[in-house]
Amino acid sequence: MLTILKRIVDEVNRQPVLEKALAKVAQMVKESMQTECCSIYLSDDENRHHLLMASDGLALNAIGSVAIRFDEGLVGLVGEKEEPVNIANARSHPRFLVTPQVHEDAYNAFLGAPIIHQRKVLGVISVQQFKAGLFDESEVAFLVTLAAQLGAAIAQAEAREAIDRAENPALKTRSKSLKGVGGANGVAIGSAFIIQPQVSFTSIVPKRTHNIAREIIRFKQAVKKTQQELKVLSGKMTQILPSDTSAIFDVYHHMLNDDSLGEKVQEQIHSGWNAATALKIVIESICSEFEQMEDSYIRERVTDIRDIGQRVLGNIVAKELARRALPDELILVAEEVTASMLAELPREKLVGICSIKGSNNSHAAILARALGIPAVMGVEELPLNNLDGRKTIIDGYSGHVFFNPDAVVTREYRSLQVQEQALDSMVQTIASEDACTADGVPLSLSINTGLAADFEVVRGIKADGIGLYRTEIPFMVRSCFPSEQEQFLLYERALDAYPNKPISMRTLDVGGDKPLPYFPITEDNPFLGWRGIRMTLDHPEILLVQVRAMLRANIGRGNLQILLPMITSVAEVEESLRLIEQAHYELCEEMEMQIERPKIGVMLEVPATIYQIGLLSKMVDFFSVGSNDLTQYLLAVDRNNPRVANLYDYYHPGVLEALHYIIHRCHKHSIPVSICGEMAGEPIGLLLLLAMGYRHFSMNAQNLLKAKWILKHLSITQAESLLAQISDMSSPQQVRNSAIKMLDELGLSGFIRAGK
Ligand code: PEP
Ligand code: MG
């Protein structure tokens, strides 16, 4: 059953045209379930009906024209109930709808299952049978499983087609947006620029071409280049492999020289597909044919065909990439936006970010916020290969992305951009003031940094130091661990950004969604795995070098504080303190001088630490609350997973209670505490944290002035009244609504949604 399911779903991904894919699915389902009819309807929300898109069994001329209203017929019933409907005799069911055009008089038994993706009904798949009687349990299970898998594939195909339709001005369709999660506030308008680290056939979204001659040349050049590469490779291999193993290269050569492969690809190009798509269609259809063969030798050739196809594809795409010029207003679109991509692209051109993977608290989103670049994360349906060069709008507030937006949408967003600029100029007017509340309570606002480029930004901003310097980012954009001297130079710059003000440097916090390319960590649950201090305590050589570089940079400056990430236990703090002491002792010996000891702090981000505040406060000088991870671990929601993004919420009553508890315990033990998670830079977060008693906030540089403005227009009493109001609320949404209401009343709503 699994094989059949996989083959059917692959068909949707493989077929470039959705109608054709669905027709094939209907045919395959009918065959494998041995029934008399299978039909697929897609839901049209605007017109509130399900449109018959494919059928093997109903009248052919009904396809594309018969629509069943959401509240009509058995198909409508499946959509309404959002569950399978299994009926022995459809015509005697009260919801049976006579639709003469479909010619279904002969069918009696009916089984329908909803096609759902991200809680939304996208359509209905049904099977029908002449003989009256219920479909059996295994048949229901099969159809439900298939429908669940079809959901994602259909959503992707629909997104692809919506973008294509919008490109065609003759169709005059209104812009449709794709929805992700807002990663960094702001609006960006520019051209999509796709970066794909590794191309694979599954990531190729079918694309048409008008320039057939150019695509044929592109294909032929890629084949030639692949032949040359194989020659070099086989030369190397024959020296180390037995001749029968290296003979595989002869097979590859043979395949490439085989005219039939080339001819088939060229045929597809002539029918209007570009080179990459044509190759995908041919390779996948050969593989699908071979996979069904009885002969195991032939079946195994599938791997070779894919491999050789992959090599040619790599060369087609590489050529395309090399020729690409960077647009002036570049919107980076990628499967997974990484720190190194951001570091490589020129800052003056990069205006927006859109990522298939990741969520609002992934580190890529945090970087985007630090750079002030609007970002949308987790746009799962993004047809990557179909987007390069398209006009794109990013709405980082709501998480919407528009490709080929129409003039009305573009005008709306341009005017929002103007309003945002006005907001920026407004907050600039208080840039040189000290931070305090409307009733004069002094506050400390510091900055979170990590990217080298930050320092340029940071220097011009009045702040009370750096509350979090994420040292892992310089490690991530290199090809090996940086030397002590390289780190020393970087840390000197960080300490000089705010002389005489505390700079909290966090020791390496890799793992989770921050991989080092030269130190791969493969784990099933990376966020529960070898992260932060756990990894560096196992590799004291890395920690010692880093601490030495920090201590050396601090000589003559004296504003260093060291912050320990992902601490879970007292033993980890003891061990870290011992290593810091060792680095200090060795340096003093080497340099024959007394070096200042920095203050040491612990990140409160693993829930266990908040119940050890008493013990830990005796060991270190300060705490910093990492609300990003604290939320992830308290709610058991991966901060990087867009599927559960709606569950990741700082305003969950449980998280708020924990934050309240932390400040209470820290006051009791008279230990300084600040908060450096993203929540500290958000208007609602600031409001609630202020009311709880937090007075030290660290946030990205882009948010600092806005935060200062909000706090200046808010009194402690107002914040406390909000906290009292929300104290018995049960859902994050209720908390958010109350806070938004207060921000509206204070005239501060421009800080939470697009526009002023
Ligand atoms: C946090 O977890 O809140 C934090 C500040 O650290 P990071 O986002 O780098 O994990
Ligand atoms: Mg953290």
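Counting convention: from 1, in listed order, for ligands and their atoms alike.
- Inspection of the Asn360 and Arg369 side chains reveals no N or O donor paired with an N or O acceptor under 3.5 Å.
- Between Arg578 and the options Glu574, Glu575, Glu581, a side chain to side chain donor-acceptor pair (under 3.5 Å) holds for only Glu575.
- Salt-bridge formation is detected for the pair Glu472/Arg506: a Lys NZ or Arg NE/NH1/NH2 atom is positioned less than 4.0 Å from an Asp or Glu carboxylate oxygen.
- Here Met679 has no heavy atoms under 4.0 Å from ligand 1, in either its backbone or its side chain.
- Between Asp649 and Arg736, at least one side-chain nitrogen of the basic residue sits less than 4.0 Å from a carboxylate oxygen of the acidic one, meeting the salt-bridge criterion.
- Against a heavy-atom cut-off of under 4.0 Å, Leu468 is close to the following atoms of ligand 1: 5 (C).
- Taking a cut-off of under 4.0 Å to the non-hydrogen atoms of Ile366, the atoms of ligand 1 that pass are 8 (O).
- The shortest N/O to N/O separation between Glu472 and ligand 1 does not fall below 3.5 Å.
- When every heavy atom of Phe527 is checked against every heavy atom of Asp513, the shortest pair comes out as CZ-N, 3.6 Å.
- The distance from ligand 1 to the heavy atoms of Asp629 drops below 4.0 Å at these ligand atoms: 1 (C), 2 (O), 3 (O), 10 (O).
- Residue-ligand proximity: His363 is placed with a non-hydrogen atom under 4.0 Å from ligand 1.
- Not a single heavy atom of Met566 sits less than 4.0 Å from an atom of ligand 1.
- Listed by atom number, the atoms of ligand 1 under 4.0 Å from Arg531 heavy atoms are 10 (O).
- Using a cutoff of 4.0 Å between basic side-chain nitrogens and carboxylate oxygens, Asp496 and Arg557 are scored as salt-bridged.
- Under the 30°/60° scheme for interplanar angles, the aromatic rings of Tyr611 and Tyr661 are found to be tilted.
- Counting heavy atoms under 4.0 Å from ligand 1, residue Arg470 touches it through the side chain alone.
- Annotation for ligand 1: atoms under 4.0 Å from non-hydrogen atoms of Arg639 are 2 (O), 7 (P), 8 (O), 10 (O).
- Put simply, no part of Gln632 is less than 4.0 Å from ligand 1, judged by heavy atoms.
- Looking at Leu688 and Val735, their side chains come closer than 4.5 Å, going by heavy atoms from C-beta outward.
- Using a 4.0 Å cut-off to heavy atoms of Glu605, the atoms of ligand 1 that qualify are 1 (C), 2 (O), 6 (O).
- Crowding of Lys599 atom NZ: a count of heavy atoms from other residues, nucleotides or ligands under 6.0 Å not exceeding 12.
- In summary, the atoms of ligand 1 found under 4.0 Å from a heavy atom of Lys514, numbered by their order in the structure, are 9 (O).
- Applying the 6.0 Å contact sphere to NZ of Lys741 captures no more than 12 heavy atoms from other residues, nucleotides or ligands.
- In this structure, Asn500 places its CG atom where only 12 or fewer heavy-atom neighbours from other residues, nucleotides or ligands lie under 6.0 Å away.
- Scanning the protein heavy atoms around atom 6 (O) of ligand 1, the nearest turns out to be Arg506 NH1, 2.9 Å.
- With hydrogens and angles left out, the side-chain atoms of Gln632 and Asp629 include a donor and acceptor closer than 3.5 Å.
- At a heavy-atom cutoff of 4.0 Å, ligand 1 is contacted by both the backbone and the side chain of Cys676.
- Residue contacts with ligand 1, taken as heavy atom pairs separated by less than 4.0 Å, do not involve Asn448 at all.
- The set of protein atoms (N, O or S) found at less than 2.8 Å from the Mg ion (ligand 2) reads Glu605 OE1, Asp629 OD2, by chain and number.
- For the pair Lys462 and Asp434, the salt-bridge criterion is met [side-chain N within less than 4.0 Å of a carboxylate O].
- Applying the 6.0 Å contact sphere to CD of Gln118 captures more than 12 heavy atoms from other residues, nucleotides or ligands.
- Atoms of ligand 1 lying under 4.0 Å from any heavy atom of Gly626, numbered from 1 in the order shown and given with element: 1 (C), 2 (O), 3 (O).
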